[in-house]
S.K.: 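I'd like to ask some things about the structure below.
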Amino acid sequence: MPELPEVESVARSIINARPPLLGSRVVSVDAVWAGVVAGTSPDIFSATLCGRILQGVSRHGKYLFFELISDGHAISVALHLRMTGIVHICAADTAPGRHTRLIIGFDNGRALRFDDPRKFGRVWLVDTPADAIAGLGPDALSVGWEEFRQRLRGSRRQLKTLLLDQSFLAGIGNIYADESLFLAGLHPLRRSESLDDNDVARLYQAVKTVLDEAVGSGGANIDGVFKAGGYLVRVYGREGLPCLKCGSRIEKIRVGQRGTHYCPDCQLA
DNA sequence: CACTCTACCTGTGCGC
DNA sequence: TGCGCACAGGTAGAGT
């Protein structure tokens, strides 16, 4: 699930947690699977966090940041969910699940738990979020039109590949790349330099629309239909089914090793 | 710079 | 029912 909208909904759920996690003190850190901690040892990671107050939560692209202070000095924990990571807030004494990789306990009796079947997700320590996002493009949810246009104009790549490139725009993954291109009526293999300003504007609008919808519903769903009050997948995973706009058969191809879904009639090359 | 391939892991769903 | 295989929402790093 984790693309920008899913990560955003995790951030919001932490910010709005009751009883509040913000302002609570870390009292325990358990790297149930030691490999979840990158860049340092689980012991140092744990020792660095314990006793600190969770001050803030933020997001850039698919990266989540926890700002923790101690004696007025702030550090941050960066978290990337990768393919299958999930964050839960639960009671501090909840037993770890089969795929639980990290548990951070707080003095309010609650815990942040990171579960990840495939063990791709990682946490690490950074001085500031800016350190971790140095190589990333602007956040896809907040990027402005002018910057989007200029960055796209600076590239000569296939649109699908470009949208997935986090150094171009941070936060779009495979699902929302396909959804955005479908909504914009642009073929995934179309070259960015072939777009006119109208095309670029449609793509910008499509990215915004898709992400806004998805954030509003807490993210996409797993099996390609609905999620209660949720985001409706327009093309992703609909190979062989009729296009929602024109009824043509949705095609699936490979672009840069990624499954790519599109309508051959609505999305002209 | 653009692109491809591999690696990292486990779970699921399919064909047989 | 069980086995083997292809595939999966992401990214880093090496190689062409």
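First the proteins, then the strands, lettered A, B, ... as listed; each starts at 1.
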S.K.: Can a donor-acceptor pair be found between the side chains of S41(A) and D43(A) at a distance below 3.5 Å?
M.R.: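 Judged by distance alone, the side chains do not pair up.
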S.K.: Quick one, Y262(A) with H187(A), criterion side chain to side chain contact (heavy atoms under 4.5 Å, CB included). Give me CA distance, side-chain angles, the key distance, then yes/no.
M.R.: CA-CA 7 Å; Y262(A) 72 102; H187(A) 195 285; 3.3 Å; yes
S.K.: Linking I/L/V/M/F/W/Y whenever any side-chain heavy atoms sit under 4.5 Å apart, do F168(A) and V7(A) land together?
M.R.: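 No, separate clusters.
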S.K.: So, is Y176(A) close to the dG9(C) phosphate, meaning a side-chain N or O under 4.0 Å from OP1 or OP2?
M.R.: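 No.
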S.K.: Kindly determine whether C246(A) and C263(A) satisfy side chain to side chain contact (heavy atoms under 4.5 Å, CB included), including the steps that lead there.
M.R.: CA-CA 9 Å; C246(A) 77; C263(A) 171; 3.7 Å; yes
S.K.: Ignoring backbone atoms, establish whether H80(A) has a side-chain N or O less than 4.0 Å from OP1 or OP2 of dG10(C).
M.R.: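 For dG10(C), neither OP1 nor OP2 has a side-chain N or O of H80(A) closer than 4.0 Å.
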S.K.: Side-chain heavy atoms nearer than 4.5 Å, only ILVMFWY residues, links allowed to pass through others: does that put L125(A) and I103(A) together?
M.R.: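 No; tracing contacts between hydrophobic side chains, which count when under 4.5 Å, never links both residues.
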S.K.: Less than 4.0 Å between a side-chain N and a carboxylate O, is that true for R59(A) and D139(A)?
M.R.: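 Salt bridge flag = yes for R59(A) with D139(A).
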S.K.: Which residue in the set W124(A), F65(A), F66(A) passes side chain to side chain contact (heavy atoms under 4.5 Å, CB included) when paired with L79(A)?
M.R.: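 Between L79(A) and the candidates, side chain to side chain contact (heavy atoms under 4.5 Å, CB included) is satisfied uniquely by F66(A).
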S.K.: Strictly below 4.0 Å, N to O, side chains only: are R234(A) and E213(A) in salt-bridge contact?
M.R.: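 E213(A) and R234(A): salt-bridged.
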S.K.: Can you give the first and last nucleotides of DNA chain B, 5' to 3', that have an atom under 4.0 Å from a heavy atom of chain A?
M.R.: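 Boundary nucleotides touching chain A, in 5' to 3' order, are dA2(B) to dG11(B).
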S.K.: For DNA chain B, which residues of residues 116-130 of chain A approach it to below 4.0 angstrom with any heavy atom?
M.R.: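 Within residues 116-130 of chain A, the residues near DNA chain B are P117(A), R118(A), K119(A), F120(A).
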S.K.: Does anything in residues 164-174 of chain A come within less than 4.0 Å of DNA chain C? Heavy atoms only, and list the residues if so.
M.R.: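 By residue number: Q166(A), G173(A), N174(A).
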S.K.: Taking only residues two or more places apart in sequence, or in another chain, which ones meet Y204(A) in a ring pair (Phe, Tyr, Trp, His ring centres under 6.0 Å)?
M.R.: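 Testing Y204(A) for ring pair (Phe, Tyr, Trp, His ring centres under 6.0 Å), a comparison that skips the adjacent residues, returns W145(A), F148(A).
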S.K.: Please test I86(A) against H88(A) for side chain to side chain contact (heavy atoms under 4.5 Å, CB included), starting from the C-alpha separation and ending with a verdict.
M.R.: CA-CA 7 Å; I86(A) 294 173; H88(A) 302 283; 3.7 Å; yes
S.K.: Flag yes if L159(A) and Y236(A) sit in one hydrophobic cluster, no otherwise; membership is Ile, Leu, Val, Met, Phe, Trp, Tyr, and two members link when side-chain heavy atoms are under 4.5 Å apart.
M.R.: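 Yes.
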S.K.: Between E6(A) (CD) and dG9(C) (P), how many Å, whole number?
M.R.: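 Between P of dG9(C) and CD of E6(A): 13 Å.
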S.K.: Side chain to side chain contact (heavy atoms under 4.5 Å, CB included) for E67(A) and V77(A)? Distances and angles first, verdict last.
M.R.: CA-CA 7 Å; E67(A) 189 185 19; V77(A) 169; over 6 Å; no
S.K.: Give a yes or no on whether I89(A) and V26(A) share a hydrophobic cluster (residues Ile, Leu, Val, Met, Phe, Trp, Tyr; joining criterion: side-chain heavy atoms under 4.5 Å apart).
M.R.: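 Yes, same cluster.
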S.K.: Which value, in whole Å, describes the distance between the P atoms of nucleotides dC5(B) and dC7(C)?
M.R.: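 To the nearest whole Å, 14 Å.
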S.K.: Map every base of DNA chain C to its dot-bracket character, where paired means a Watson-Crick or G-U wobble contact with both distances under 3.5 Å and | marks a partner outside the strand.
M.R.: .|||||||.|||||||
S.K.: Report the distance from atom CZ of F114(A) to atom P of dG10(C), rounded to the nearest whole Å.
M.R.: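 Spelled out: CZ on F114(A) to P on dG10(C) is 14 Å.
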S.K.: Restricting to nitrogen or oxygen on both sides, can you table the protein-nucleotides 12-15 of chain C pairs closer than 3.5 Å?
M.R.:
none

S.K.: Could you tell me if H99(A) and D115(A) have a donor-acceptor pair between their side chains, going purely by distance under 3.5 Å?
M.R.: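 Short answer, no.
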S.K.: So, is K62(A) close to the dG9(C) phosphate, meaning a side-chain N or O under 4.0 Å from OP1 or OP2?
M.R.: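 No, because none of the side-chain N or O atoms of K62(A) sits under 4.0 Å from OP1 or OP2 of dG9(C).
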S.K.: What is the distance, rounded to the nearest whole Å, between atom NE2 of H99(A) and atom P of dG9(C)?
M.R.: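 Interatomic distance, NE2 of H99(A) to P of dG9(C): 19 Å.
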S.K.: Identify, between Q257(A) and R156(A), the residue whose nearest nucleotide on DNA chain B lies closer to the 5' end.
M.R.: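 So the residue in question is R156(A).
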S.K.: Whole angstrom is fine here: how far is it from CG in D178(A) over to P in dG9(C)?
M.R.: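 Going from D178(A) (CG) to dG9(C) (P), I get 9 Å.
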S.K.: Could you work out the separation of dA6(C) and dT6(B) based on their P atoms and round it to a whole Å?
M.R.: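 After rounding to an integer number of Å, I get 14 Å for this pair.
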S.K.: With a 4.0 Å cut-off, would you call D30(A) and R101(A) a salt bridge?
M.R.: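 Looking at R101(A) together with D30(A), the answer is no, because their closest N to O distance does not fall below 4.0 Å.
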S.K.: Using whole Å, what does the distance between atom C1' of nucleotide dA6(C) and atom CD of E239(A) come to?
M.R.: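 One finds 13 Å between C1' of dA6(C) and CD of E239(A), rounded.
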S.K.: Please state how far atom CD1 in I86(A) lies from atom C1' in dA8(C), giving the value in whole angstrom units.
M.R.: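 Going from CD1 in I86(A) over to C1' in dA8(C) covers 14 Å.
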S.K.: At under 4.0 Å between heavy atoms, what does R191(A) touch on the DNA or RNA strands: base, sugar-phosphate, or nothing?
M.R.: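 R191(A): backbone/sugar contact only, no base atoms under 4.0 Å.
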S.K.: Take atom CZ of R249(A) as the centre, draw a 6.0 Å sphere, and report whether it contains more than 12 heavy atoms from other residues, nucleotides or ligands.
M.R.: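 Yes - once you tally the heavy atoms of other residues, nucleotides and ligands closer than 6.0 Å, there are more than 12.
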S.K.: For the P atoms, the ones on dT10(B) and on dT1(C), what distance do you get once it is rounded to whole angstrom?
M.R.: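 Per the computed distance, 26 Å lies between those P atoms.
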S.K.: Looking at L268(A), D199(A), L181(A), which one forms a side chain to side chain contact (heavy atoms under 4.5 Å, CB included) with R190(A)?
M.R.: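 Among L268(A), D199(A), L181(A), the one meeting side chain to side chain contact (heavy atoms under 4.5 Å, CB included) with R190(A) is D199(A).
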